[in-house]
Amino acid sequence: MEFSNVKGIAIYGTDCIVDISRGDDDVCRFVSAKEKYFNVQQDNNGLLTVTQKKGNIFYRIIMRRFEFKLILPRHFVGRLRFRNKNGGLYVDGGGFSDVELYTKNGKFEVANISCADFSLKLRNGSAHLKNVTSAADISVKCDNGDIKAENIKASAVTVSCHNAGLSVADIKARKLDCSTNNGTVDANAVDSDAVRLETSNGKITAVCTGARDDYRLSLETTHGAITLDGTPSKTVTDIASSATRRADLRTSNGDIDIRFN
């Protein structure tokens, strides 16, 4: 199925696994061996909506997965909205106006995209972001699942999860806020004016761009050790510091290791 003049994408499903990529021409293509299980419509404003049809429990047990591909036009810069249960979304390449993603019991892999704004919410799954640029904010929230983000650029980056670990690397943002519980926080190559890393029952490891004196630090743990640029330290609070950057790291039942380069 082909569609012209597509200005936005909305996907609604219950067991969908969706692969979104870029084509070499100006039409949007919907490709699926299970096409009959979806309603695919485009309205007068150019919004292409893909909705999984409801079925009885028998056909859902037999089919299990409902896979399809969307091959977007090469110059598409519209909105992407995805709401799903028990599935996954794989996006590779291209620009979007804004991205809003949500699923339960699934998996996200998003790579090589740019957008105006990015929001991802997930329950019981995992999320991996790589080479994502946002003109405004990037927000990633996950319950009971791991989060990994690499080479991220935005005004502000917020990453939070529960009962899992999170890892961020090569982050460039005015503000970085990462939090979890019952898991580790690993932040590497962070270039940010305001860094907040927090967990409980887990270790925090951070490598920040710049020198130690560039930052006003607040480092605190209970039942753990603090290492500052390779040197063991006690609780650190730079109350009177005039440094232009700030890093706040807090945990319980875990160590803190922060370095600068």
Please report, to 0.1 Å, the donor-acceptor pairs under 3.5 Å made by any side chain of residues 167-178, with sequence neighbours excluded.
unit_1: K172; atom_1: NZ; unit_2: D191; atom_2: OD2; d: 3.2
unit_1: D177; atom_1: OD1; unit_2: R196; atom_2: NH1; d: 2.5
unit_1: D177; atom_1: OD2; unit_2: R196; atom_2: NH1; d: 3.3

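Because its NZ or CZ atom is not both nearer than 6.0 Å to the ring centre of F68 and within 45° of the ring axis, R29 does not count as a cation-pi partner of that residue. For R83 and Y12, the positive end is not near the middle of the six-membered ring at less than 6.0 Å and at most 45° from its axis.
A distance-only check finds no donor-acceptor pair linking the side chain of K121 to the backbone of T103 [under 3.5 Å]. The backbone N or O of D137 lies less than 3.5 Å from a partner atom in the side chain of S134, making a donor-acceptor pair. Side-chain N or O atoms of N181 include one that pairs as donor or acceptor with a backbone N or O of N163 at under 3.5 Å. Panel note: side chain D229, backbone F260; a donor-acceptor pair is recorded below 3.5 Å. For S179 (side chain) and S160 (main-chain N/O), no donor-acceptor pair under 3.5 Å exists by modelled atom type. Looking only at distances, no side-chain donor or acceptor of E198 sits under 3.5 Å from a matching main-chain atom of T180.
A salt bridge (charged side-chain N to carboxylate O under 4.0 Å, His left out) check over residues 108-119, counting only residues at least two apart or in different chains, returns the pairs K107-E109. Legend: salt bridge (charged side-chain N to carboxylate O under 4.0 Å, His left out) pairs involving residues 155-164, not counting sequence neighbours: none detected.
Between D26 and R74, at least one side-chain nitrogen of the basic residue sits less than 4.0 Å from a carboxylate oxygen of the acidic one, meeting the salt-bridge criterion. Using a cut-off of 4.0 Å between Lys/Arg side-chain N and Asp/Glu carboxylate O, D146 and K148 are scored as not salt-bridged.
The environment of CG in N39 is crowded: more than 12 heavy-atom neighbours from other residues, nucleotides or ligands sit within 6.0 Å.
Atom CZ of R216 sits about 14.5 Å away from atom CZ of R245, to the nearest 0.5 Å.
Aromatic ring pairs are classed by plane angle as parallel below 30°, tilted from 30° to 60° and perpendicular above 60°; the pair F96 and F76 is perpendicular.
The aromatic ring centres of F30 and F3 sit 6.0 Å or more apart.
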